[in-house]
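What follows is one structure encoded as structure tokens, with my remarks underneath.
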There are 2 protein chains.
Amino acid sequence: MSLLEKIHACNHWDPADYVPFVVAGERLGLTRRGFAEALAAEDRDFRLDRDGLVWWSAPTEFDARSAQFAAILARLVDAGLIGPLHREPYPVTAGGRGQARFLIDRAAAPCFGVRAFGQHLNGYVRTAAGLELWVARRAWDRRHYPGHLDHLVAGGLPWGVSLSENLRKECHEEAGLDPEQADRARPVGAVTYCRASTSGLKPDVIYCYDLELPADFVPHCTDGEVAAFYRWPVDEVLAIVRDSDDFKLNCNLVIIDFLIRHGLIGPEEPDYLALVQGLRAPLP
Amino acid sequence: MSLLEKIHACNHWDPADYVPFVVAGERLGLTRRGFAEALAAEDRDFRLDRDGLVWWSAPTEFDARSAQFAAILARLVDAGLIGPLHREPYPVTAGGRGQARFLIDRAAAPCFGVRAFGQHLNGYVRTAAGLELWVARRAWDRRHYPGHLDHLVAGGLPWGVSLSENLRKECHEEAGLDPEQADRARPVGAVTYCRASTSGLKPDVIYCYDLELPADFVPHCTDGEVAAFYRWPVDEVLAIVRDSDDFKLNCNLVIIDFLIRHGLIGPEEPDYLALVQGLRAPLP
């Protein structure tokens, strides 16, 4: 296997399978064709025309629009058109988090191919022999990727929480880091990718952070989501990313970005340019 | 002015103005339509068809192909169709430097819209007050961007020289750094952009490096290309990039990348996502 394949695995989707999700003339996502047809047939608030799946009855104002969309989602759950909700509001935006047009339940975001935002933190230690990365193994009872390797800290970004607040919360829950330690994390960029999933399309933006940790730091998880922690030399982490499917899919990208920024994957690597560009795939 | 405008300034071109430059069925560049028409009319080695500007008589073998293209370029200079040559061979590739199909004189690369590769080095000092970046002012007699601000070390990547050899050479010529210091430079990624120029199209790949320098380091230029050196706090450099046109155009991108990787431009910045993606524009 190659590093590039790990990037391709996160960018696997066929544009022909989707139609735009349009609200007030603005394209805010991509809906799987079959789902769009079902929605237009079953629900009077949507129509399918040459623009795509149009929510024609959307109120203009943010709160009213969000409330009405929540009511629509509740109906769609009842009708069995979408699965159970998470009760976590995510912004609907064609740009950054700051350009939200209304809110959508996290679970429904892929059904409408809406961008989701998250944060991943590379917790590393500088040793005489080189960098070592803290890695978590996800608990075996987790719904997604049970038992897979994961970042020390990683999580989705719900609406209404600042980046630093959310990072503090995730740092505490997932690794037992206090707010002062969390605030020392350095934002270092973002990776973007888009992938077809069972529920629809996932165009994701992950804000990446580096946090250098002292040699005597030992993480502990406070929310039961982690089965174990490991501290491995970056060469070993690179080999795991390249040669196995042990890591949760999107962690591979954030780790490749880390290895490139720290000079551990260099421009002599034949795929270097494809890797560098592949980590920031244009989102649909 | 905004940081994003600096990225847009390096990505200014209209695809409608160009036709593919095709050799042995492979698209290797983009040629301005008028130049392609002139070439097809004047030179029997080229034809313009629905694939684009086709060099139909190209030999199969690398060296023979390069030699014949050099002879063609010499004729085109004589005919006044292209300007004087640099006598510096660049690879012609639709991918990375390692996938070269033949060689082209550096001066003619934009005429055929061929990718060019370069290296830029961020030389910085860690102080109690934060990072400071070494900046060079280009000599006033330079052909391109006289008197503009530039990186401590920056240069193009000719064919047949390894990345580390070329960096050593540029480090010595432009800043008086010895090979041991040059080898400590850390590769940290690449920026890509594509821009129309007077001579054609410039799809560029710049490999970026960070080099932390001691507080007492003082650069000196050995090839007369630098008028002065300055060491400025990164906040000031950020303001110059954002609010002026003082830097050579592509330096702005490498500095924005530096500021993002070091957490000095963070994800709270409204344009963050556009900046992060804009630094790695897909090349045509």
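What you are looking at is a predicted structure, and each value in this text was computed from that prediction instead of being measured. Proteins get letters first, then strands, A, B, ... in listed order; numbering begins at 1 in each.
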- Query: Would a 4.5 Å heavy-atom cut-off, applied to side chains only, mark Pro267(B) and Tyr209(A) as touching?
  - Reply: yes
- Item | Toward chain A: residues of residues 179-190 of chain B with heavy atoms under 4.5 Å | Arg186(B), Pro187(B), Val188(B), Gly189(B), Ala190(B)
- Under a 4.5 Å heavy-atom criterion, the part of residues 271-280 of chain A in contact with chain B comprises Tyr272(A), Leu273(A), Val276(A), Gln277(A), Leu279(A), Arg280(A)
- Message: Between Val205(B), Leu283(B), Thr192(B), Val191(B), who has the most heavy-atom pairs with chain A when the cutoff is under 4.5 Å?
- Response: Thr192(B)
- Item | Glu268(B) versus chain A, the contacting section by heavy-atom distance below 4.5 Å | both
